[in-house]
Amino acid sequence: MEDAVQAYIDAIPPEQRELFDRLHTLIRAAAPDAEVVLSYQIPTFKVGKRRLFLAAWKHGVSLYGWGEDRDGGFLSRHPELKSGRATLRLRPTDAEAIGDEEFLALATAALAP
């Protein structure tokens, strides 16, 4: 992982850090060979031409960048979390009700070749 990515992570406020760390760990589990770089000023997981962005924001974290047909069915189960094209905005309270297996399926589908 690049030093710039670690600096980004280290600067995340405690209110968002637990959720960020949870998703970061799950994405790494789904795609252990993914390269993690800073792109558009946020951590980005790269596998071939696939990208998955994970960013902290004021009220939680966001996931960006997958094709909507590559979400493992996540948006059909949680349409209220969609914040834009291939974008999820998650508050910690939203994520508490979602099991790790759903986030793993999203990351796996998003980064699959």
Taking all atoms of both residues into account, what is the closest heavy-atom pair of Phe45 and Arg28, and its distance? CE2-CD, 3.5 Å
Mind telling me whether Tyr64 and Phe53 have parallel, tilted or perpendicular rings, with 30° and 60° as the class edges? perpendicular
Please give me the minimum heavy-atom distance between Arg51 and Leu111, naming the atom from each residue. C-CD2, 3.9 Å
With distance as the sole test, does Arg50 use its side chain to make a donor-acceptor pair with the main-chain N or O of Lys46 at under 3.5 Å? no
What I want to check is whether the side chains of Gln16 and His59 have a donor and an acceptor closer together than 3.5 Å. no
Measure across Ile98 and His78 and return the closest heavy-atom pair with its distance rounded to 0.1 Å. CG1-CE1, 3.7 Å
Mark yes or no: Arg89 above the aromatic ring of Trp57, with NZ or CZ under 6.0 Å from the six-membered ring centre and no more than 45 degrees from the axis. yes
Gln41, CD: over 12 other non-hydrogen atoms inside 6.0 angstrom: no
Are the side chain of Arg77 and the backbone of Glu102 linked by a donor-acceptor contact shorter than 3.5 Å? no
Between Leu52 and Ala110, what is the shortest heavy-atom contact and its length? CD1-CB, 4.3 Å
Can any side-chain N or O of Thr108 pair as donor or acceptor with the backbone N or O of Leu104 at less than 3.5 Å? yes
On a heavy-atom basis, the closest approach of Leu81 and Leu90 is CD1-CD2, 3.4 Å
Given 3.5 Å as the limit, does a donor-acceptor pair link the side chain of Asp21 with the main chain of Glu18, or not? no
Going by an N to O cut-off under 4.0 Å, is there a salt bridge joining Asp100 and Arg22? yes
